[in-house]
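Below is one structure, written out as structure tokens, with a few remarks after it.
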Amino acid sequence: MSALKNDLLLKALKGETVSRTPVWMMRQAGRYLPDYIKLRDKYSFFERCENPELATEITVMPVDQVGVDAAIIFSDILVVPQAMGMEVQLVEKVGPLLPQPVKSAADLSRLCVPDVHERLHYVFDALKLTKQTLAGRVPLIGFAGAPWTLLCYMVQGKGSKTFDEAKGFCYQQPAVAHQLLQMITDTTIAYLKAQVAAGADLVQVFDSWGGLLSPVDFEVFSLQYIRQIVAALKDVCPTIVFAKGAWFALEDMAATGAHGLGIDWAIKPELARKFAGENVTLQGNFDPAKLLAPIPEIEKSVKEMLKGFGRQRYIANLGHGILPNVPVAHAKAFVETVKAHG
């Protein structure tokens with residue numbers, strides 16, 4: 001393995017002094033890049049995920065074309081439910097579809113805590129190849145979905161703005177819900193550890209739907225399982241937890257021992273720091289839609305964001321994934337403004 005030439009991200013996560021703020025973007029490997037769109041038109045989503053050469057090519061694209069300080073492996077959070085035995089379809093411009101969702105305890109018999117090396121070997125192969133291809137230029141990020149977010153899809157069977165069926169399932173059948181959450185957690189821990197063994201320098205846990213829960217329910221159905229994951233990985237690699245909309249739990253999430261917390265654009269930097277405390281790195285929180293603004297406005301807003309967070313214990317990022325209609329030049333303006341900030 002090549003020594004890292006750019007370790008700004010890892011230094012920021014460890015609380016070490018950095019010469020400038022590191023920057024990357026969630027969903028940076030994908031849908032807004034013209035070269036990715038060419039591959040999307042030629043190969044299905046899972047063909048792209050399951051072919052290590054294609055996944056590597058896509059993962060490295062934003063490093064070459066946009067200049068980010070880290071690569072994040074091209075994959076999807078729903079490979080975990082798939083590995084556990086569920087059918088998962090990803091329909092372009094429609095979203096995920098799980099035709100046989102979990103509705104009762106009987107449905108859990110169709111699922112298992114898999115041997116991740118058997119079911120998800122293609123992710124590890126892609127990580128190994130990407131690590132070789134990067135040759136130490138930037139760190140490589142592995143990731144997984146948080147158990148609550150995966151339960152949402154596994155029960156709802158598709159995307160939703162409210163995931164009311166998933167929430168109803170948890171309230172009506174809490175014992176079954178917790179059994180499923182624990183199965184997902186056990187799978188995720190093994191999966192992330194194997195990602196690190198394959199070359200990931202750090203991992204991020206995405207709880208995209210954490211903000212749909214009340215503070216009490218967030219602890220019950222989400223955070224207690226994220227806590228298990230962070231504890232299992234804390235001596236293995238740095239971890240970042242991103243729970244969109246769950247700003248109310250920043251203090252509790254910081255207490256998990258995660259090295260970094262991702263935050264969305266709906267909270268001021270100063271308030272996020274007050275809630276999270278001084279001993280964790282914050283990551284975020286530029287509104288992805290603001291990348292559609294004129295470049296001078298992007299530059300101005302990025303500088304305001306950087307001023308709000310300060311340089312230390314901070315990683316510049318978006319507050320959610322980059323949108324497919326963002327011009328590459330605007331994504332580059334975001335990255336370059338961060339890099340130029342003194």
Side-chain angles (χ1 to χ4, degrees), residues 1-14 22-30 48-63 68-80 83 114-147 150 184-207 226 228-242 256-262 281 283 315 317 321:
M1 293 290 181
S2 302
L4 278 174
K5 302 178 182 73
N6 177 346
D7 62 352
L8 286 169
L9 185 69
L10 297 177
K11 282 186 171 180
L13 285 171
K14 293 172 183 174
V23 56
W24 67 283
M25 295 178 290
M26 289 183 280
R27 276 196 158 165
Q28 66 186 16
R48 280 170 266 146
C49 280
E50 294 172 8
N51 181 312
E53 288 76 18
L54 286 175
T56 295
E57 182 181 349
I58 294 165
T59 300
V60 176
M61 274 181 193
V63 179
V68 286
D69 290 314
I72 182 166
I73 194 67
F74 178 74
S75 186
D76 193 89
I77 64 171
L78 295 180
V79 299
V80 165
D115 178 341
V116 294
H117 294 283
E118 179 185 330
R119 299 281 183 92
L120 293 163
H121 60 88
Y122 59 89
V123 178
F124 313 136
D125 291 343
L127 282 158
K128 290 172 186 173
L129 184 57
T130 302
K131 192 72 173 175
Q132 292 172 5
T133 305
L134 286 170
R137 283 193 288 159
V138 294
L140 177 57
I141 305 170
F143 73 91
L150 293 184
I184 299 168
T185 300
D186 294 344
T187 304
T188 300
I189 288 170
Y191 178 45
L192 290 174
K193 284 185 173 180
Q195 287 190 45
V196 176
D201 296 294
L202 65 146
V203 296
Q204 177 160 308
V205 178
F206 286 84
D207 200 4
I226 290 175
Q228 289 183 45
I229 295 168
V230 173
L233 272 292
K234 70 175 183 178
D235 296 327
V236 178
C237 71
T239 55
I240 302 172
V241 174
F242 172 63
T256 65
H259 297 75
L261 298 179
T281 297
Q283 175 179 277
I315 299 162
N317 205 316

For the residue pair [X] and [Y], what are the closest heavy atoms and their distance?
X	Y	answer
Asp76	Cys49	N-SG, 4.4 Å
Ala55	Phe74	O-CB, 3.8 Å
Ser75	Val79	OG-CG1, 3.9 Å
Thr256	Val230	O-CG1, 3.5 Å
Thr185	Pro147	OG1-CG, 3.2 Å
Pro238	Leu13	CB-CD1, 3.9 Å

Can you tell if the side chain of [X] reaches within under 4.5 Å of the side chain of [Y], non-hydrogen atoms only?
X	Y	answer
Thr188	Gln228	no
Glu57	Leu54	yes
Glu53	Leu129	yes
Asp207	Val241	no
Ile141	Ile73	no

Checklist entry - Does Lys5 reach the main-chain N or O of Ala135 with its side chain, forming a donor-acceptor pair under 3.5 Å? => result yes
Checklist entry - Would you say Asp69's side chain and Val23's backbone share a donor-acceptor pair under 3.5 angstrom? => result yes
Rounded to the nearest 0.5 Å, how far apart are [atom1] of [X] and [atom2] of [Y]?
X	Y	atom1	atom2	result
His117	Leu120	NE2	CG	10.0 Å
Thr59	Leu127	OG1	CG	8.0 Å
Leu9	Lys14	CG	NZ	10.0 Å

Checklist entry - Going through the checks in order, is the side-chain contact (heavy atoms from CB on, under 4.5 Å) test met by Met26 and Asn317? => result CA-CA 7 Å; Met26 289 183 280; Asn317 205 316; 3.9 Å; yes
Please list, one pair per line, the donor and acceptor atoms closer than 3.5 Å that link side chains of residues 192-205 to other protein atoms, with sequence neighbours excluded.
| from | atom 1 | to | atom 2 | distance (Å) |
| --- | --- | --- | --- | --- |
| Gln195 | OE1 | Phe143 | N | 3.0 |
| Gln195 | NE2 | Phe143 | O | 2.9 |
| Asp201 | OD1 | Lys131 | NZ | 2.8 |
| Asp201 | OD2 | Lys131 | NZ | 2.6 |
| Asp201 | OD2 | Leu140 | N | 2.8 |
| Gln204 | OE1 | Gln283 | NE2 | 3.0 |

Item to check | His259/Thr281 under side-chain contact (heavy atoms from CB on, under 4.5 Å): CA gap, chis, key distance, verdict | outcome: CA-CA 6 Å; His259 297 75; Thr281 297; 5.9 Å; no
Item to check | Parallel, tilted or perpendicular: rings of Phe206 and Phe242 (30°, 60°) | outcome: perpendicular
Checklist entry - Do other residues, nucleotides or ligands put more than 12 heavy atoms under 6.0 Å from the CZ atom of Arg137? => result yes
